S.K.: 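Sharing a structure here in structure tokens format.
The structure displayed is predicted, hence computed values, not measured ones. One is the number of the first residue; the rest follow in order along the sequence.
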Amino acid sequence: MAHIYPLNPRPEETIELANVPMLCADVNDPDNIIPLCSGCHGKFDKPRTAVEYLDLYRIKSDALQQEQQRSLASQYPLEQQIAAVVAHLHSAAVEGGESAELVLTPKAVDDKLDATMPPPTKRKVRNAVEDYFRHVQAAFLELERNDPGCSEQIFVQVKSFYVMQKRQSLPQAQVFTNLVAWIRARAKAQTLESAEAVASFFIQNCEVFE
């Protein structure tokens, strides 16, 4: 087990790492520890450079974020009826070139997506809204007829999950990825695309992104 930021930095390491970000204030905190094989551990300690440090910092930072997302996904429930909404898309006949008929003139998707959302993902969200919004909306209306209040509860759950993502100051692309993964896991979606379509619905429907 290696300390990412050294436990007892040499004078040259203190200078080398003077301006690097740290995962935590306590160097003995598990967040600052990473498993390495004995060979890599030895190389890393003789002495570590800022480049080597930042490589391990990013690896551990990504791992911590993934673990945090797994924890959040397990804590935030999503009504099992969401599976029926996703399943509806697999039988939906999508008519090419037909835009969604949106209610209440919600804010345009393009206006909600900022520079942290890559253009290909923006296009994916916009296309999903155009192709599937009415189908997802119809699935929720059918769900509401059979189980009054269920749709509203799902909308609140999605909004709550999004707000927690927002509080972490994550870029929109990461928020979208996390939302899709959460919906796909909870709905047991057969395809990634169907989960993306439902996540895009919530963007257009104003539960996700202002």
Side-chain angles (χ1 to χ4, degrees), residues 4 17-24 31 50-73 75-76 78 82 85-86 89 94 96-137 140 154-187 189 191-210:
I4 299 173
L17 304 177
N19 298 312
V20 299
M22 294 180 65
L23 291 161
C24 49
D31 286 358
V51 171
E52 292 170 332
Y53 170 84
L54 289 172
D55 282 344
L56 290 188
Y57 172 91
R58 293 187 188 99
I59 291 170
K60 188 58 183 281
S61 180
D62 288 346
L64 290 171
Q65 188 175 99
Q66 290 172 21
E67 179 56 33
Q68 184 179 44
Q69 285 302 319
R70 282 192 290 269
S71 177
L72 280 176
Q75 293 173 28
Y76 279 76
L78 187 60
I82 190 69
V85 175
V86 173
L89 294 179
V94 180
E98 185 175 351
S99 298
E101 296 176 8
L102 308 181
V103 296
L104 302 179
T105 316
K107 191 174 180 182
V109 168
D110 284 342
D111 293 335
K112 294 182 180 182
L113 304 182
D114 61 26
T116 66
M117 185 74 85
T121 309
K122 287 184 180 181
R123 191 176 304 110
K124 180 189 297 184
V125 171
R126 184 170 57 249
N127 290 344
V129 168
E130 291 176 353
D131 289 341
Y132 293 109
F133 185 92
R134 289 189 302 113
H135 297 288
V136 176
Q137 187 179 57
F140 275 118
I154 290 174
F155 294 166
V156 169
Q157 290 169 336
V158 170
K159 183 69 174 181
S160 180
F161 184 80
Y162 161 66
V163 169
M164 181 55 69
Q165 301 290 316
K166 181 181 176 182
R167 288 181 61 190
Q168 298 178 58
S169 301
L170 298 175
Q172 285 191 345
Q174 188 62 54
V175 172
F176 181 70
T177 297
N178 294 341
L179 179 66
V180 169
W182 179 60
I183 291 173
R184 188 178 187 186
R186 291 292 182 175
T191 65
L192 177 64
E193 290 76 15
S194 58
E196 289 176 339
V198 174
S200 299
F201 168 87
F202 288 121
I203 292 174
Q204 179 66 68
N205 210 50
C206 301
E207 282 77 28
V208 177
F209 302 144
E210 290 75 14

S.K.: With rounding to the nearest 0.5 angstrom, report the CZ to OG1 distance, R123 to T121.
M.R.: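 It comes to 9.5 Å.
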S.K.: Check whether any side-chain heavy atom of Y162 lies under 4.5 Å from a side-chain heavy atom of E210, and answer yes or no.
M.R.: yes
S.K.: For the backbone of V129 and the side chain of S200, can you confirm whether one donor and one acceptor N or O come within less than 3.5 Å of each other?
M.R.: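 Absent.
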S.K.: Mind checking whether K166 and V175 have side chains closer than 4.5 Å, heavy atoms only?
M.R.: no
S.K.: Do Q174 and N178 meet the criterion of a side-chain donor-acceptor pair at a distance under 3.5 Å?
M.R.: yes
S.K.: For the pair Y53 (side chain) and P21 (backbone), establish whether a donor and an acceptor sit closer than 3.5 Å, ignoring hydrogens and angles.
M.R.: yes
S.K.: Would you say the ring centers of F140 and F201 fall short of 6.0 Å from each other?
M.R.: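 Close enough - the centres of the two rings lie under 6.0 Å apart.
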S.K.: Using atom types as modelled and distance alone, determine if a side-chain donor or acceptor of T177 lies under 3.5 Å from a backbone N or O of A173.
M.R.: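 Yes: the side chain of T177 pairs with the backbone of A173.
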S.K.: Taking atom CG of D62 as the centre, report whether more than 12 heavy atoms of other residues, nucleotides or ligands fall under 6.0 Å from it.
M.R.: yes
S.K.: Considering only heavy atoms from C-beta outward, does the side chain of F176 approach that of Q165 to under 4.5 Å?
M.R.: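 Not touching, per the 4.5 Å side-chain cut-off.
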S.K.: Nearest 0.5 angstrom please: W182 CH2 to I82 CD1, how far?
M.R.: 8.0 Å
S.K.: Are the side chains of I183 and F161 in touch, meaning some heavy atoms are under 4.5 Å apart?
M.R.: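 No - every pair of side-chain heavy atoms lies 4.5 Å or more apart.
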S.K.: Can you tell me how far the CG atom of L64 sits from the OH atom of Y57, to the nearest 0.5 Å?
M.R.: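 Interatomic distance, L64 CG to Y57 OH, rounded to 0.5 Å: 9.5 Å.
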S.K.: Got a donor-acceptor contact below 3.5 angstrom from the K60 side chain to the I4 backbone?
M.R.: no
S.K.: Are any side-chain N or O atoms of E207 and backbone N or O atoms of F155, one a donor and one an acceptor, separated by less than 3.5 Å?
M.R.: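 No, because the side chain of E207 does not come within donor-acceptor range (under 3.5 Å) of the backbone of F155.
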S.K.: Evaluate the side-chain proximity of Q69 to Q168: yes if any heavy-atom separation is below 4.5 Å, no if none is.
M.R.: yes
